[in-house]
Amino acid sequence: MKTPIYLDYQATTPVDARVLEVMLPYFTEHFGNAASRNHSFGWTAEEAVDTARDEVAKLIGANSKEIVFTSGSTEAINLALKGAVEMYGDSEHGKIKGRHIITSLVEHKAVLDTCKHLEKRGCEVTYLTPDKTGRVSVEQVAEAMREDTLLVALIWGNNEIGTINPIREIGALCHEKNVLLFVDGTQTVGKIPVDVYEDNVDLMCLSAHKLYGPKGAGALFVRRRKPRVRLVSQIDGGGHERGMRSGTLNVASIVGLGEACRVCRIDLDKDIAHATGLRNRLEARIRASLDEVHLNGNAEHLLPGCLNLSFAYVEGESLLMGINNELAVSSGSACTSASLEPSHVLRAMGVGDELAHSSIRFGIGRSTTEEEVDYAADRIIETVVRLRDLSPLYEMALEGIDLATVSWTGH
Amino acid sequence: MAYSDKVIDHYDNPRNVGALDKKADDVGTGLVGAPECGDVMKLQIQVEGDKIVDAKFKTFGCGSAIASSSLATEWVKGKTIEEALSITNSEIVEELSLPPVKIHCSVLAEDAIKAAVADYKTKQG
């Protein structure tokens, strides 16, 4: 077993060997520009892009004409939200539906910051507070809906805690109310079954490097029927991608995205069983040796490879420091940030700041092994025990002092 | 973020971890910081005459917070109360090579020393 052990698959994944193999000829032999219509170099590239487009579409239950390639999820999010507001919320296009957006406090920064930007451009945004497991309910969305609601933008499976939102139900509501539903599928596509038509999704972003493809490629699903969604492009130029995203296509990476989607589709059941099994094994082993371990997330609706735990009385960064020669994981603590504020996701869920500072996110992936998971659990246990011995909070808790009643001198 | 060798050394081998009897007349206890800020330090001193003969700490916080409090106990031991009070956070920053985002850890350690001394003085009347 090689250390450090990588348990941060939400951050990124390695390119699958099967994917890399398919990509390589497109850097050298088949280097053509997919927009070159006059010769075989261009045709070969275009054919490869078309195959990739079919594979992305197949994985999510879409039609290949509904796939717009982008540089990744962040760009797809910007295109979807800004593009929809400009198309439907702008008198310039004569299609005023409204400028009200509903989103949630546990979105990725790419959605939150795009919403902030749109607020400056005259949009009104409602930020829903999820329940304590990080889940938004269809009732909450219904309550927030207004006459002028244009768009609901929600994350499907959360990147920090793995909680899965009830997208199908929310999508049904949106369609009933004639409101668009944008879904951030970055962590979800390739991890659980996704069918944009069954799930009532209108717009959805995905990213290659989260599903064993290369960094720098992604896609936006743009629904073409019931309803047909139109967007104003955010990058103008040669009119690529049906005019929605100009710029020479990143052929090799798009080929990689397509192959990664094919592998995910074929291996989906196997991958889910593998990741779920190892996640449960990791959690059980940790809980067998440590008390006061709290799950951040929804045990019933959780992405297969995601486990976010808070280890009470131990600060997350010090825990990372004890293990990070051997384990690559991430923490919701933000001791390094100037604001000293922990994860906005955990805060929005109502996790107390002290538990938020104590959180560790584990990400299990395709190549994670039982041996690695057991080793990781043992290192975590060792370090938590050591740091609790060092923790005045643990000492006080053992003495029966309720930490909530202590008058702290915050700084 | 890379930690300095001294921070790593204090984290791996913290000095003077533990607790003194907080009810004893010759012990001063300082508890500073707050769990929601991600740092809580408890620093205790035992005083004979005006000399600090023993010091113990426990810290909830990042590696730099643990190192700052560990170093603080090392420095106050054997000093007089007045000498201990003259320890500043910038000396801790310098000794541990703390980066700007970790300066608050050193401030907290200085506060912990002052709080422990204040508690001792209150007990002495």
Side-chain angles (χ1 to χ4, degrees), chain A residues 310-325 330-343 346-347 350-359 382-384 386-399 401-411, chain B residues 1-4 7-8 10-20 22-23 29-44 56-70 73 89 98-112 114-115 118:
Chain A
S310 282
F311 300 90
Y313 317 119
V314 172
E315 195 275 331
E317 194 184 324
S318 65
L319 180 49
L320 286 187
M321 192 175 168
I323 57 175
N324 65 10
N325 287 332
S330 63
S331 169
S333 167
C335 195
T336 44
S337 85
S339 66
L340 295 179
E341 282 181 6
S343 143
L346 298 179
R347 282 200 141 188
V351 174
D353 281 356
E354 64 191 89
L355 276 182
H357 279 297
S358 306
S359 73
E382 250 172 46
T383 311
V384 169
R386 188 172 90 80
L387 290 172
R388 281 184 177 169
D389 280 345
L390 212 71
S391 169
L393 303 181
Y394 192 56
E395 179 184 85
M396 291 163 87
L398 291 179
E399 285 170 13
I401 297 169
D402 180 0
L403 297 177
T405 64
V406 178
S407 67
W408 301 102
T409 54
H411 54 289
Chain B
M1 196 192 59
Y3 292 95
S4 70
V7 169
I8 292 169
H10 277 281
Y11 174 84
D12 286 339
N13 310 289
R15 331 289 200 253
N16 308 308
V17 175
L20 299 169
K22 63 184 172 199
K23 296 196 181 86
T29 300
L31 182 68
V32 296
E36 62 266 29
C37 302
D39 296 292
V40 175
M41 285 181 192
K42 189 190 76 167
L43 190 143
Q44 295 182 300
K56 296 281 183 199
F57 87 98
K58 285 197 176 188
T59 289
F60 164 86
C62 66
S64 300
I66 291 170
S68 295
S69 41
S70 170
T73 58
N89 82 292
L98 297 181
V101 292
K102 296 295 188 185
I103 286 173
H104 69 275
C105 299
S106 68
V107 173
L108 208 57
E110 183 189 323
D111 290 350
K114 295 197 157 68

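Throughout, a chain's letter reflects where its sequence line sits, starting with A, and its residues are numbered from 1.
- When atom types are taken as modelled, the side chain of A/E315 and the backbone of B/C62 share a donor-acceptor pair closer than 3.5 angstrom.
- By the side-chain contact (heavy atoms from CB on, under 4.5 Å) test, A/D402 is found to be paired with A/A404, A/T405, residues two or more places apart in sequence or in another chain being considered.
- Under the rule for a ring pair (Phe, Tyr, Trp, His ring centres under 6.0 Å), B/Y11 has no partner lying at least two apart in sequence or in another chain.
- Across all non-hydrogen atoms, the minimal contact from A/P392 to B/K42 is CB-CB, 3.9 Å.
- Both the backbone and the side chain of B/V40 come within less than 4.5 Å of a heavy atom of chain A.
- Rounding to the nearest 0.5 angstrom, the gap separating the CZ atom in A/R386 from the CG atom in B/D12 is 6.0 Å.
- Top candidate by heavy-atom pairs under 4.5 Å with chain B, chosen from A/L319, A/V314, A/L393, is A/L393.
- Looking at every heavy atom in both residues, A/E395 comes nearest to B/A19 through OE2-CB, 3.6 Å.
- Taking CG of A/L390 as the start and OG of B/S69 as the end, the distance is 7.5 Å to the nearest 0.5 Å.
- In terms of heavy-atom proximity, A/M321 sits nearest to B/V7 at CE-CG1, 3.9 Å.
- Contacts between A/Y313 and chain B at a heavy-atom distance below 4.5 Å involve the backbone alone (N, CA, C, O).
- Taking each heavy atom of B/V17 and A/D389 in turn, the nearest pair found is CG1-O, 4.2 Å.
- In this structure, the side chains of B/F60 and A/L387 stay at 4.5 Å or more apart for every pair of heavy atoms.
- The part of B/K22 that comes within reach of chain A is its side chain, from C-beta onward, which places non-hydrogen atoms under 4.5 angstrom from that chain.
- Between A/M396 and B/L31, the shortest heavy-atom contact is CE-CD2, 3.8 Å.
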